[in-house]
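This report refers to the structure that appears directly beneath it.
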Amino acid sequence: MPVIMGTAGHIDHGKTALVKALSGIDCDRLAEEKKRGITIELGFAFLDLPDGSRLGIIDVPGHERFVKNMVAGAAGIDFVTLVIAADEGVMPQTREHLDICALLGVTTGLVALTKVDLVDADWLAMVTEDVRAALAGTFLEHAPILPVSAHTGQGLPELRQALADLAARYVPRYRSDVARLPIDRVFTLKGHGTVVTGTLVAGSLGVGDDVRLYPSEKKSKIRSLQSHGQPVETALAGCRTAANLANLDVEDVARGEVLARPGTLFPETCFEVELTCLASSPRPIKHRTEVHVHHGTREILARVHLLDRDALAPGQTAVCQIRFPEPMVGMCGDRVVIRSGAPLRTIAGGRVLAPMGLPVKRFDAAGLAALAALAKASGPDLVLAHLRRAESAGLGFARLLALTGFDSKTLDKALSRLCDHGQAALVDREGPEGRHYLHGETAAALTASLAAALADFHRREPLKRGISRSELASAWGKDLPPKLVHFLVERLVRGGELVADQDVVRLPDHAVSLAADQTALRQALVAAYRDGGLTPPNIKDILAPLGHTMPEALPVYKVLVAEGVLVKAQENMYFYRQAVDELIERVRGYFAAGNTDMGPAQFRELTGLSRKFLIPLLEYLDKTKITVRVGDKRLLRQK
Ligand SMILES: Nc1nc2c(ncn2[C@@H]2O[C@H](COP(=O)(O)OP(=O)(O)OP(=O)(O)O)[C@@H](O)[C@H]2O)c(=O)[nH]1
Ligand SMILES: [Mg+2]
C-alpha cells in the first residue's frame, strides 16, 4: 500500500521548492500560482524510495486564505513534513497546520528546517531550539528536525532517508474496505471527458466499476484509472487516483463530493462527533455556533449542537452533533476540522463516531450515555452499541460498515459471534442493505411483546382458534417491517413458544373452550333453534328464561355459527342450520319443477312463513348465492 506524505507549513517557507528538489516535480502548475509565486491548489508528486516503493506527496498551500485546500489535502495523508524556513522560524500557519494535522489524526512526521543557506550556524541553532519548544506537547514532539536547502541541496540525502524510514514504519490507519475517493479536483481531459482526482482513502476501485457520486448519488462508471500518473486496472487504498467517469459532465461534479460504489454510503444531515476545542482557540464554541466544517475534501457551513453543555471551552472534548444544511457522507473514524468565520482560524476538530446522527435530546442522560458508548466501544461492542441505538429498526450490513469503519471480514466475524451468543439477531438475510440485524435485547423484547399481544388476543377472543399472520402483522406489527414480524413469529414457533397452524398462530396452551355455564347455554340454544326450525323464537325470549344477556351469549352464538350448527341470516336472527338446508332443497325442487322465477307470494306458499322470517331468509338465499334477485322476483343461480 503506497504511503502518502503531505507538506505543511507557513506561506513561502519553501514547501513546493522542497518537493521539487526531492522529486523533480513542480506542483505549482496554475498560471496564477506561477505569477504570484504561491501555492493555491493542492499539488501532487511522488518520490521513488530506495526500497523500490513509491511515496506519494501532496503539496499544500500555506496561505491563510487557502487553509481549506490544505485541510482537503491533509485529510488524505499518512504522515507530514512540516516545513519551517530557518530564516523566519515558527509562524502562524506553522502552528495552525500542525493543529490541523493533529485534528485529522496524523500521528507521525518530521520537520524540514529549510532555507538553511540563508542563515548562519548560530541562528540555525537558535531556530532549532525555538522549533523544538513549539513542538512540545504535539505529535511531532520527538520528531527529527532536519536542516535542508532546496537551493544548495544541503541535507536532501538525509531528508530522503528519513522519509523512507517513516514510510517503511508506517502502519495504515484506515481499516475499512469500503472504497471511497473524496474528490479534490475535477477537470476535462480532451477526448476523454470528465476526470476526478483524489486520494483513495480505503478499498479499491477498478476499471468498469459501477460508481455513484455522493451525496447526490448520480450514477457513473469508471472508464479508466490512473494511479500516481500511471494507467492502472485497479486503484488501491492510499493511492493518488484519477478516475475518468462516464455519463458525467464537469458541471455535474464538485470538489468535496465522494466517489464510491452504490449502496455503500448513506447521505445524512447530521454527524455525531467527538469534538475537541483547541487549547489555542481564543474562545469557547457555544451551542449552535455556525462554523466552517472540513470533512474529506469538503468544506461546508454547519452548526455545532452541543448536547451535554452550553459551551465547549478551549482544551475540552465532548461528544456532539454537527448538523449540516444538506446531506453529507462519511464513515466512522473520519476526521473533521472546524474553523471559525471571523477571524478565520482553526478552532476545533475531532473524530466522527457516527456519520448518521440520531435524534438526541440535549442533557438527556440515556441518549448521552448511548452516544458516549460509541466513543468508548470497539470491536463487537461497537456493533452492539449501534444496534442498541437502532432499536427495532435494526441495521443492515452495509450501514454497519459505515457506522463502525470495520472491514467486511471483521464485521462479519463480530456479527456471527454476537449472533452465536444471542447478543444480536439476524432478522433478514436479504434486506435492502444486506443482512439485517437487531440487538439481542431488542429482539427479545419484541418477541416478548408479540407473545403478550397473542395472550391478550386470546383473552379478548377466547373462542377464536388464534390470529392470522396477516392480522398480526397489521395490528401488533403495524410499525415494523413485515419481514421482521415474520422472523419473530418463526423464532417463537421454533422455540415452541407459539404454534402455527397454517396461517393461524396461537399460544401453545390456548384452546377454544367454553366455560361450564356456557356449555349449558350452548345446549339450550341448540335445542331452541332446532325446535324453532324456520320460525325460531326472539333471541330475548330464548335468553331471558336462561338468565343470560346477548353480550354474554354472543361468543356462544359465534362458536355455533363457526361450527355450522346455526346460520346467521342477519343481525340478531339465527336459524338452525339443518332447517335452512331443507329450505334450500325445497327451493331447488320448486325450480326443478319447471318454475322459472319465484316471487314473495310463491315463497310464502312454499314455506308458510310470515314476512318477519320470509324477507331475511330470501336475502340469505341471495347472499349465499342460491338465488339471485331480479326486480322483486328470484331466479335460481346456475352453478
Ligand atoms: N534561499 C532559499 N530559498 C528558498 C528555498 N526554498 C524555497 N525558497 C524560496 O522561497 C520562496 C517560496 O518558496 P515556495 O516553495 O513557493 O514556498 P511554499 O511554502 O510552497 O509557499 P506556499 O505554497 O505559497 O505556501 C521561493 O521564492 C523559493 O525560491 C531554499 O532552500 N533556499
Ligand atoms: Mg507552495
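Atoms within each ligand, like the ligands themselves, are counted from 1 in listed order.
- Not a single protein heavy atom sits closer than 4.0 Å to atom 26 (C) of ligand 1.
- Within the 4.5 Å cutoff, no side-chain heavy atoms of L312 are placed close to those of C320.
- Heavy-atom contacts of A17 reach the following atoms of ligand 1: 6 (N), 7 (C), 15 (O) (cutoff under 4.0 Å).
- Under a 4.0 Å N-O distance rule, the pair E33/R29 does not qualify as a salt bridge.
- Residue-to-ligand polar distances keep D59 apart from ligand 1: every N/O pair is separated by 3.5 Å or more.
- Using a 4.0 Å cut-off between charged nitrogen and carboxylate oxygen, D310 and R362 count as a salt-bridge pair.
- Below 3.5 Å of separation, one finds an N or O of A150 facing an N or O of ligand 1.
- Counting heavy atoms closer than 4.0 Å to ligand 1, residue T7 contributes nothing at all.
- The Mg ion (ligand 2) has an N, O or S atom of T16 inside 2.8 Å of it.
- For D184 and R255, the salt-bridge test fails: no basic side-chain N is under 4.0 Å from an acidic carboxylate O.
- I57 places none of its side-chain heavy atoms less than 4.5 Å from the side chain of R240.
- Heavy atoms of K115 found under 4.0 angstrom from ligand 1 belong to the backbone as well as the side chain.
- Contacts between T114 and ligand 1, counted as non-hydrogen atom pairs separated by less than 4.0 Å, involve the side chain only.
- Taking distance alone, with nitrogen or oxygen atoms compared against 3.5 Å, L118 stays at or beyond that limit from ligand 1.
- At least one protein heavy atom sits closer than 4.0 Å to atom 10 (O) of ligand 1.
- Heavy-atom contacts of G62 reach the following atoms of ligand 1: 22 (P), 23 (O), 25 (O) (cutoff under 4.0 Å).
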Starting from the C-alpha separation in whole Å, work towards a yes-or-no answer on side chain to side chain donor-acceptor pair (under 3.5 Å) for E158 and Q161.
CA-CA 5 Å; E158 291 82 358; Q161 189 52 51; over 6 Å; no
